[in-house]
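Here, residue 1 is the first one in the sequence, and each next residue gets the next number. Every value quoted in this text rests on a predicted model; they were computed, and no experiment measured them.
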Amino acid sequence: VSAAELADIFRRLTAQGAHNINLVTPTHFVPAILAALRLYRPPVPVVYNCGGYESVGTLRALEGAVDIYLPDFKYMDPELAGKYSHAKDYPQVAKLALEEMVRQTGMPEFDSRGMMKRGVIVRHLLLPGHVKNSKNVLKYLYKTYGDKIYISMMNQYTPMPAMKDDPQLSRKVTDREYERLIDYAISLGLNNGFIQEGETAKESFIPEFNGEGV
(Lines give C-alpha, C1' and ligand atoms only; values in the text may rest on other atoms or scores of the structure.)
Protein backbone atom coordinates (compact mmCIF):
# COMPACT_ATOMS: atom_id res chain seq x y z
CA VAL A 1 0.00 0.00 0.00
CA SER A 2 1.47 3.34 -1.03
CA ALA A 3 1.33 6.57 0.95
CA ALA A 4 -0.99 8.09 -1.64
CA GLU A 5 -3.37 5.14 -1.41
CA LEU A 6 -3.43 5.35 2.37
CA ALA A 7 -4.05 9.09 2.28
CA ASP A 8 -6.98 8.48 -0.07
CA ILE A 9 -8.40 5.89 2.34
CA PHE A 10 -8.12 8.41 5.18
CA ARG A 11 -9.94 11.04 3.08
CA ARG A 12 -12.75 8.67 2.15
CA LEU A 13 -13.24 7.48 5.73
CA THR A 14 -13.37 11.05 6.97
CA ALA A 15 -15.88 11.99 4.26
CA GLN A 16 -18.05 9.03 5.31
CA GLY A 17 -18.23 10.37 8.86
CA ALA A 18 -15.63 8.22 10.63
CA HIS A 19 -15.01 9.33 14.21
CA ASN A 20 -11.36 8.31 14.00
CA ILE A 21 -8.78 6.66 11.77
CA ASN A 22 -8.14 3.32 13.46
CA LEU A 23 -4.84 1.80 12.32
CA VAL A 24 -5.04 -1.89 13.31
CA THR A 25 -1.80 -3.91 13.69
CA PRO A 26 -0.02 -1.18 11.73
CA THR A 27 3.62 -1.55 12.76
CA HIS A 28 4.89 -2.88 9.42
CA PHE A 29 3.19 0.03 7.62
CA VAL A 30 4.59 2.83 9.79
CA PRO A 31 6.77 4.44 7.06
CA ALA A 32 3.81 4.53 4.66
CA ILE A 33 1.46 5.78 7.39
CA LEU A 34 3.77 8.66 8.25
CA ALA A 35 4.12 9.59 4.58
CA ALA A 36 0.32 9.40 4.12
CA LEU A 37 -0.30 11.67 7.09
CA ARG A 38 2.05 14.23 5.56
CA LEU A 39 -0.14 14.16 2.45
CA TYR A 40 -3.41 14.34 4.37
CA ARG A 41 -3.92 14.94 8.07
CA PRO A 42 -7.46 13.83 9.05
CA PRO A 43 -9.53 16.22 11.18
CA VAL A 44 -10.36 13.27 13.47
CA PRO A 45 -8.07 11.39 15.90
CA VAL A 46 -5.55 8.91 14.52
CA VAL A 47 -5.56 5.70 16.58
CA TYR A 48 -2.59 3.32 16.76
CA ASN A 49 -4.19 -0.04 17.58
CA CYS A 50 -1.52 -2.63 18.39
CA GLY A 51 -0.54 -5.67 20.46
CA GLY A 52 1.75 -3.74 22.80
CA TYR A 53 4.93 -5.46 21.60
CA GLU A 54 6.40 -2.34 20.01
CA SER A 55 9.86 -0.84 19.85
CA VAL A 56 10.36 2.54 21.48
CA GLY A 57 12.17 3.71 18.34
CA THR A 58 9.13 3.05 16.17
CA LEU A 59 6.85 4.82 18.64
CA ARG A 60 9.11 7.86 18.78
CA ALA A 61 8.89 8.12 15.01
CA LEU A 62 5.11 8.36 15.45
CA GLU A 63 5.22 11.25 17.92
CA GLY A 64 2.90 14.00 16.73
CA ALA A 65 1.22 11.71 14.21
CA VAL A 66 -0.82 9.56 16.62
CA ASP A 67 -3.50 11.00 18.89
CA ILE A 68 -4.67 7.85 20.67
CA TYR A 69 -2.73 4.70 21.45
CA LEU A 70 -4.77 1.51 21.86
CA PRO A 71 -2.31 -1.24 22.85
CA ASP A 72 -2.79 -4.62 24.44
CA PHE A 73 -0.94 -5.50 27.62
CA LYS A 74 -1.13 -9.28 27.60
CA TYR A 75 1.25 -10.62 30.22
CA MET A 76 3.19 -9.79 33.35
CA ASP A 77 4.44 -13.38 33.55
CA PRO A 78 7.41 -13.97 31.17
CA GLU A 79 6.86 -17.74 31.24
CA LEU A 80 3.25 -17.32 30.16
CA ALA A 81 4.35 -14.91 27.43
CA GLY A 82 6.87 -17.45 26.21
CA LYS A 83 4.36 -20.29 26.27
CA TYR A 84 1.51 -18.57 24.46
CA SER A 85 3.22 -15.85 22.38
CA HIS A 86 6.79 -17.15 22.04
CA ALA A 87 8.02 -13.87 23.51
CA LYS A 88 9.37 -14.18 27.05
CA ASP A 89 10.47 -10.56 26.85
CA TYR A 90 6.90 -9.36 26.18
CA PRO A 91 6.38 -7.81 29.67
CA GLN A 92 9.53 -5.71 29.50
CA VAL A 93 9.00 -4.65 25.89
CA ALA A 94 5.35 -3.75 26.57
CA LYS A 95 6.29 -1.74 29.67
CA LEU A 96 8.77 0.41 27.75
CA ALA A 97 6.36 0.83 24.84
CA LEU A 98 3.52 1.92 27.10
CA GLU A 99 5.76 4.37 28.90
CA GLU A 100 6.54 6.04 25.58
CA MET A 101 2.88 6.10 24.53
CA VAL A 102 1.83 7.83 27.75
CA ARG A 103 4.74 10.27 27.50
CA GLN A 104 3.53 11.33 24.06
CA THR A 105 -0.18 11.68 24.78
CA GLY A 106 -0.30 12.86 28.40
CA MET A 107 -3.61 12.90 30.25
CA PRO A 108 -6.71 11.69 28.38
CA GLU A 109 -8.74 14.34 26.59
CA PHE A 110 -12.38 14.08 25.45
CA ASP A 111 -14.67 16.17 23.27
CA SER A 112 -18.14 17.45 24.17
CA ARG A 113 -19.66 14.10 23.13
CA GLY A 114 -17.43 12.20 25.53
CA MET A 115 -15.33 10.74 22.73
CA MET A 116 -11.59 10.51 23.30
CA LYS A 117 -9.47 13.00 21.39
CA ARG A 118 -6.12 12.10 22.89
CA GLY A 119 -4.76 9.53 25.33
CA VAL A 120 -4.09 5.85 25.92
CA ILE A 121 -6.51 2.96 26.35
CA VAL A 122 -4.87 -0.32 27.35
CA ARG A 123 -6.68 -3.58 26.63
CA HIS A 124 -6.17 -6.70 28.67
CA LEU A 125 -7.68 -10.05 27.74
CA LEU A 126 -8.28 -12.39 30.68
CA LEU A 127 -7.20 -15.92 29.77
CA PRO A 128 -8.97 -18.93 31.31
CA GLY A 129 -7.09 -20.21 34.33
CA HIS A 130 -4.83 -17.16 34.51
CA VAL A 131 -6.57 -14.69 36.81
CA LYS A 132 -3.30 -14.20 38.71
CA ASN A 133 -1.53 -12.91 35.58
CA SER A 134 -4.42 -10.56 34.89
CA LYS A 135 -4.41 -9.21 38.43
CA ASN A 136 -0.70 -8.54 38.14
CA VAL A 137 -1.27 -6.69 34.86
CA LEU A 138 -3.95 -4.49 36.40
CA LYS A 139 -1.84 -3.84 39.48
CA TYR A 140 1.13 -2.76 37.37
CA LEU A 141 -0.95 -0.55 35.09
CA TYR A 142 -2.85 1.19 37.87
CA LYS A 143 0.05 1.60 40.28
CA THR A 144 2.25 2.97 37.48
CA TYR A 145 -0.18 5.20 35.60
CA GLY A 146 -3.27 5.72 37.77
CA ASP A 147 -5.79 7.89 35.93
CA LYS A 148 -3.39 8.74 33.10
CA ILE A 149 -4.71 5.76 31.14
CA TYR A 150 -7.97 3.89 30.64
CA ILE A 151 -8.00 0.11 31.01
CA SER A 152 -10.33 -2.20 29.08
CA MET A 153 -10.77 -5.57 30.81
CA MET A 154 -11.93 -8.15 28.28
CA ASN A 155 -13.45 -11.60 28.79
CA GLN A 156 -13.95 -12.56 25.14
CA TYR A 157 -11.31 -15.28 24.84
CA THR A 158 -12.74 -17.81 22.37
CA PRO A 159 -11.26 -21.34 22.30
CA MET A 160 -10.33 -22.64 18.88
CA PRO A 161 -10.14 -26.32 17.81
CA ALA A 162 -6.33 -26.24 17.84
CA MET A 163 -6.51 -25.65 21.61
CA LYS A 164 -8.67 -28.71 22.36
CA ASP A 165 -5.86 -30.49 24.23
CA ASP A 166 -4.81 -27.50 26.34
CA PRO A 167 -6.35 -27.86 29.82
CA GLN A 168 -6.88 -24.11 30.11
CA LEU A 169 -7.15 -22.59 26.65
CA SER A 170 -9.64 -25.24 25.54
CA ARG A 171 -12.42 -23.46 27.45
CA LYS A 172 -13.92 -20.00 27.82
CA VAL A 173 -13.37 -17.67 30.74
CA THR A 174 -15.93 -18.38 33.46
CA ASP A 175 -18.19 -15.69 34.91
CA ARG A 176 -16.53 -16.25 38.28
CA GLU A 177 -13.03 -15.69 36.87
CA TYR A 178 -14.09 -12.41 35.28
CA GLU A 179 -15.93 -11.31 38.43
CA ARG A 180 -12.75 -11.92 40.44
CA LEU A 181 -10.81 -9.69 38.08
CA ILE A 182 -13.40 -6.90 38.21
CA ASP A 183 -13.57 -7.13 42.00
CA TYR A 184 -9.79 -6.81 42.12
CA ALA A 185 -9.85 -3.75 39.86
CA ILE A 186 -12.38 -2.13 42.19
CA SER A 187 -10.26 -2.99 45.22
CA LEU A 188 -7.29 -1.23 43.59
CA GLY A 189 -9.38 1.92 43.22
CA LEU A 190 -9.42 1.78 39.42
CA ASN A 191 -11.98 4.24 38.03
CA ASN A 192 -10.96 4.68 34.39
CA GLY A 193 -11.94 1.23 33.18
CA PHE A 194 -14.21 -0.59 30.77
CA ILE A 195 -15.79 -4.00 31.32
CA GLN A 196 -17.69 -6.36 29.04
CA GLU A 197 -21.18 -7.61 29.78
CA GLY A 198 -23.05 -10.59 28.36
CA GLU A 199 -21.75 -13.28 26.01
CA THR A 200 -18.68 -12.03 24.13
CA ALA A 201 -16.68 -15.24 23.54
CA LYS A 202 -18.07 -15.99 20.11
CA GLU A 203 -16.46 -16.85 16.81
CA SER A 204 -18.40 -13.96 15.27
CA PHE A 205 -15.80 -11.67 16.90
CA ILE A 206 -13.02 -13.34 14.90
CA PRO A 207 -12.42 -12.10 11.31
CA GLU A 208 -12.32 -14.54 8.41
CA PHE A 209 -8.93 -13.19 7.29
CA ASN A 210 -9.93 -13.79 3.67
CA GLY A 211 -9.57 -10.19 2.52
CA GLU A 212 -13.27 -9.75 1.82
CA GLY A 213 -14.87 -6.51 2.92
CA VAL A 214 -11.52 -4.83 3.59
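Between Gly52 and Pro71, the shortest heavy-atom contact is CA-CB, 4.1 Å. For the pair Gly129 and Gln168, the tightest heavy-atom approach, listed with the atom from each and the gap, is O-NE2, 3.7 Å. Taking both residues in full, the closest heavy atoms of Val131 and Leu126 are given as CA-CD1, 3.9 Å, listed atom of the first, atom of the second, then distance. Nearest heavy-atom pair across Ala3 and Ala35 is CB-CB, 3.5 Å.
Between the side chains of Ser134 and His124, at least one donor N or O lies within less than 3.5 Å of an accepting N or O. In this model, a donor atom of one side chain and an acceptor atom of the other lie less than 3.5 Å apart for Tyr48 and Glu54. Side-chain atoms of Asn49 and Asn22 include a donor-acceptor pair closer than 3.5 Å. Between the side chains of Gln104 and Tyr69, a donor-acceptor pair is found at a separation under 3.5 Å.
You'll find the side chain of Tyr84 reaches within 4.5 Å of the side chain of Asp166, heavy atoms only.
In this structure, Lys95 is positioned above the aromatic face of Tyr140, its NZ or CZ under 6.0 Å from the six-membered ring centre and within 45° of the axis.
Under a cut-off of 6.0 angstrom, the local environment of CD in Glu99 is sparse, with at most 12 non-hydrogen atoms contributed by other residues, nucleotides or ligands.
For the pairing with Ile21, the side-chain contact (heavy atoms from CB on, under 4.5 Å) check across Leu37, Asp67, Ile68, Thr14 returns one residue only, Thr14.
Aromatic pair Tyr75/Tyr90: centroids less than 6.0 angstrom apart.
Side-chain atoms of Tyr53 never come within 3.5 Å of backbone atoms of Ala97 as a donor-acceptor pair (strictly under, hydrogens ignored). Under the 3.5 Å distance criterion, the side-chain polar atoms of Tyr157 are matched with a main-chain donor or acceptor of Leu169. Between the side chain of Arg123 and the backbone N or O of Ser152, no donor-acceptor pair lies under 3.5 Å.
Here the CE-OG distance, from Met115 to Ser112, works out to 10.5 Å after rounding to the nearest 0.5 Å.
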